[in-house]
A.B. asks: 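Can you keep this structure in mind? I'll have questions shortly.
Naming: A, B, ... by sequence-line order, numbering from 1 per chain.
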Amino acid sequence: MSRLKGLLSALSSLGLAAALLLHATPASAEAKCEPDKVATKYPTLAGKTLKIGQDGESPPYSFRDPKDFKNLLGLDADLARETFGCAGIKIEFVTGGWSGLLPAVIAGQTDMMWDTLYYTPKRAEQVDFVTYLTAATGALVAKGNPKAITSLDDVCGKRATAGLGTVEEATFRDLSKKCEKDGKKEISLVTYPDMPGGTRLIASDRADVMTTDLNMVNSFIKSNPTTFDRGFMIISDYKIAVGYTKGNKDLGQAVLDGLTVLKESGKMKEIFEKYNVDYTLALPNEILTK
Amino acid sequence: MPQAIAAFLVFTASIAPALAADDPPLSPWREFLSYIVEPFLLEGALLALQISVLAMIGGITLGLGLGLMRLSRHAAISGSAWLYIWFVRGTPQLLQLVFLYDALPPLGIKLDTFTTAVLGFALNEAAFSAEIIRGGIMSVNRNQSLAATSLGMGPFLTLRRIILPQAMRAILPGMSNDVIGMIKGTSVASVIFVNELTFRSQQIVGQNFKFFTVFAAAGVIYLIMTSAVAACQALLERQFNIEIDREAGRGSGFKLFNLPLRGSGPKSAAPGALAPVPVAKDNAEAAASLDWIRNIANPTSAELGIEPMPFVVFRNVHKAYGSREVLRGIDLAVNKGEVVVIMGPSGSGKSTLLRLVNHLESLDWGEITVEGKYVGYQRRHNVMKPTRDLAKARADAQIGMVFQHFNLFEHLSAIENVMEAPVQVYGEKPETARSLALKLLASVGLSQHANKLPHRLSGGQQQRVAIARALAISPRLMLFDEPTSALDPELVGEVLGVMRRLAEAGMTMIVVTHEVRFAQEVADRVVFMDEGLVVEQGTPAEVLGTPKHERTQRFLRMVEREADPA
């Protein structure tokens, strides 16, 4: 998100970005749930209530429980709850616009952002990461795929939409140039400010294809089977990760340990399946600090 | 408004089924209704309301300060207010909020979400309301503050009692806009974790895609909140609308803003009875209270008449506006009990001279004493320095002033106009001031009109109220600045009548007027001014009957021609 980039660079210029800390942390050898041992395993977190930033509007990662809007559901919400339940640390979800979540971690207003955040080396200058999921892109099209869009190449000459400032927007812009070079028609691109806004462009036939996170696309189709279909999907090399306060070793370790336990116990698979996320997309968990 | 909501509901009901056709088992209509009363959304609405109310209170308070700073004559003060407004108004609210929330913690200031939102919106609102308030203040005629100043009211008292209540009419519509805008605009604060109505409805839509019913319900909740604001605006506008007759009006007033309970105080004639009371009756009534005027005019002296003691002394008075010299060395003395009429063509400096006496304007050179004392000056190293508390100096001097355009406080009834200075400046009890005001209004023949607002009175009646108002501070000197120039010819007589009685009662008076007959009959001395100098002076018979100076002759011929009914 371009807005976010501006904020990030503004904040880093304020001297927020401390010198990079290199700390290679091997996955805990004896990973198990020991909520009683929080004081010895993660001494700096004992007795604290951690604030986790989520946006609550991006299924299947973070969204409101339709039975009780006060609750948050989703892959990210459930993983976070299980992880910290395992570590014996209290958490509190704070919901806000997605673009405000990372600046809040950097500023110390929250402890982490656990909400479909892509790891990038640039972001790692200001927060540390624990990876858990491979990013994949899905193409949302109208029911029956009337324009027969089954690969990126089919998008030439069509009306496409992507979130403002996203990786997908940049992809379409580059692709449009390639289309022209190949003698095809260019892409007519519109950007949307929020995800539901993008899906409405498809539903109302104002755009032919919308690309965003694969699991969100799947989730949209599942809840509106008569309106949407998937045109195609691409597995990218982006890593989705938890972003947390730079240098907070105990926190990184707690997340890493928790995710490892969930994986070993089969709980993680269970959560993935609950939200229709392909478990083969799960990544090896590692801490990335640069 | 109810019709609008009903129409909206019908519209919604007719369209919603078509849009939500994918989900036949649920009635979209009931779904929509259930979202309107959904606690999750209502909590968001309440949050938006809480933030808006608190931010509005902070913003208006700060905005008032900024607005006044913008009106300051000191460049440093008005400039810094301008800079604040320029910056805050010119940068996006979203970035301001993110800055407060995310950029201050490294500096050791960590504000929570709610505080940040209230502070952020208040700081932003301050910039906007400063301009609205400034506009409101500028919309009030300057003659209002001039009149207040002449009564010894200080700048803040004038602002609170006179300017703001009148500015409210211009301020309210803009302010309501801001309140409504803010209630809706709190949604930008979702980036700092404010979970208000729009963000909450987006979250629900993100999960269930029922965007039409959810957003329609959110829209209705917003409409209910903003309708409440609009209703408050209508009520307040009614409150501050001086064109609604107060005697016929209803509802309670705002004590803070000097609008007493409507319908309180002695009732006068039935509402709508606007026929002027015959002047003859006025005069009869007035004659009865002549003794009492005499008491004000000359409390110490049992015997009437001019005392040969100089009461007001002008020495070498100079005044220029920029490069234009208005007064070029005036020397003049007015004795106690004397009535001096100043005449001269327009631009000759007569009005300026009057305004220097009670220090409504400052001297450039020379000095003026009233009963041997300076009004709001100290002499230091032969230079006249204005004293710190000018308002108090003016109040202490007790100089009454009557203006060409009456300058009555438009939002106050006749009796409240008269009571204002005694209560607010001289600290008299309201009951005492009220009975004094009633006596004064009776003495100018207006007891029938005590509870009328100025715009309900004729020009002559307004000017008589203005005289009563000036007399209420027990003046030792009365200044009249062309008191009949703005009046229709048939109304001039009633004002001159009151002035004549005042003169007969022994009041010391300096009168700037073109009324030759008044000068002939009432003045002890006539002073003729031209181009900032006293050209000649003497008894009315001398100056008006056998003027020596050519300029005086020319002026008198012109005035007579104008007065000629042909």
A.B. asks: Is there a donor-acceptor pair under 3.5 Å between the side chain of Gln109(A) and the backbone N or O of Leu111(B)?
C.D. replies: yes

A.B. asks: For Ser223(A), is it the side chain, the backbone, both or neither that has a heavy atom under 4.5 Å from a heavy atom of chain B?
C.D. replies: side chain

A.B. asks: Less than 4.5 Å to any heavy atom of chain B: does that hold for the side chain of Ser62(A), its backbone, both, or neither?
C.D. replies: neither

A.B. asks: Please say whether more than 12 non-hydrogen atoms of neighbouring residues, nucleotides or ligands are located less than 6.0 Å from OH in Tyr238(A).
C.D. replies: no

A.B. asks: On a heavy-atom basis, which atom in Leu101(A) and which in Phe193(B) lie closest, and how many Å separate them?
C.D. replies: CD2-CE2, 3.4 Å

A.B. asks: Looking at every heavy atom in both Asp55(A) and Phe199(B), which two are closest together, and how far apart are they?
C.D. replies: O-CZ, 3.4 Å

A.B. asks: Nearest 0.5 Å, what's the OH-OG1 distance between Tyr101(B) and Thr110(A)?
C.D. replies: 6.5 Å

A.B. asks: Roughly how far, to the nearest 0.5 Å, is the OG atom of Ser201(B) from the CZ atom of Phe69(A)?
C.D. replies: 10.5 Å

A.B. asks: Can you give me the closest heavy-atom contact between Asp102(B) and Ala104(A), atom names plus distance?
C.D. replies: OD1-CA, 3.4 Å

A.B. asks: Check whether the side chains of Arg64(A) and Gln203(B) place a donor and an acceptor atom closer than 3.5 Å, and report yes or no.
C.D. replies: yes

A.B. asks: Heavy-atom pairs under 4.5 Å with chain B - which of Gly56(A), Ser58(A), Pro59(A) has more of them than the others?
C.D. replies: Gly56(A)

A.B. asks: Nearest heavy-atom pair of Pro105(B) and Ala107(A): which atoms, and what distance?
C.D. replies: CB-O, 3.1 Å

A.B. asks: How close do Lys110(B) and Gly108(A) get, counting heavy atoms only, and between which atoms?
C.D. replies: NZ-O, 2.5 Å

A.B. asks: Is Arg200(A) positioned over the aromatic face of Phe211(B), cation under 6.0 angstrom from the ring centre and no more than 45 degrees off axis?
C.D. replies: yes

A.B. asks: Does atom NZ of Lys222(A) have more than 12 heavy-atom neighbours, drawn from other residues, nucleotides or ligands, at distances under 6.0 Å?
C.D. replies: no

A.B. asks: Test salt bridge (charged side-chain N to carboxylate O under 4.0 Å, His left out) on Glu43(B) and Lys70(A) and set out the steps.
C.D. replies: CA-CA 11 Å; Glu43(B) 275 169 32; Lys70(A) 284 188 168 38; 2.9 Å; yes

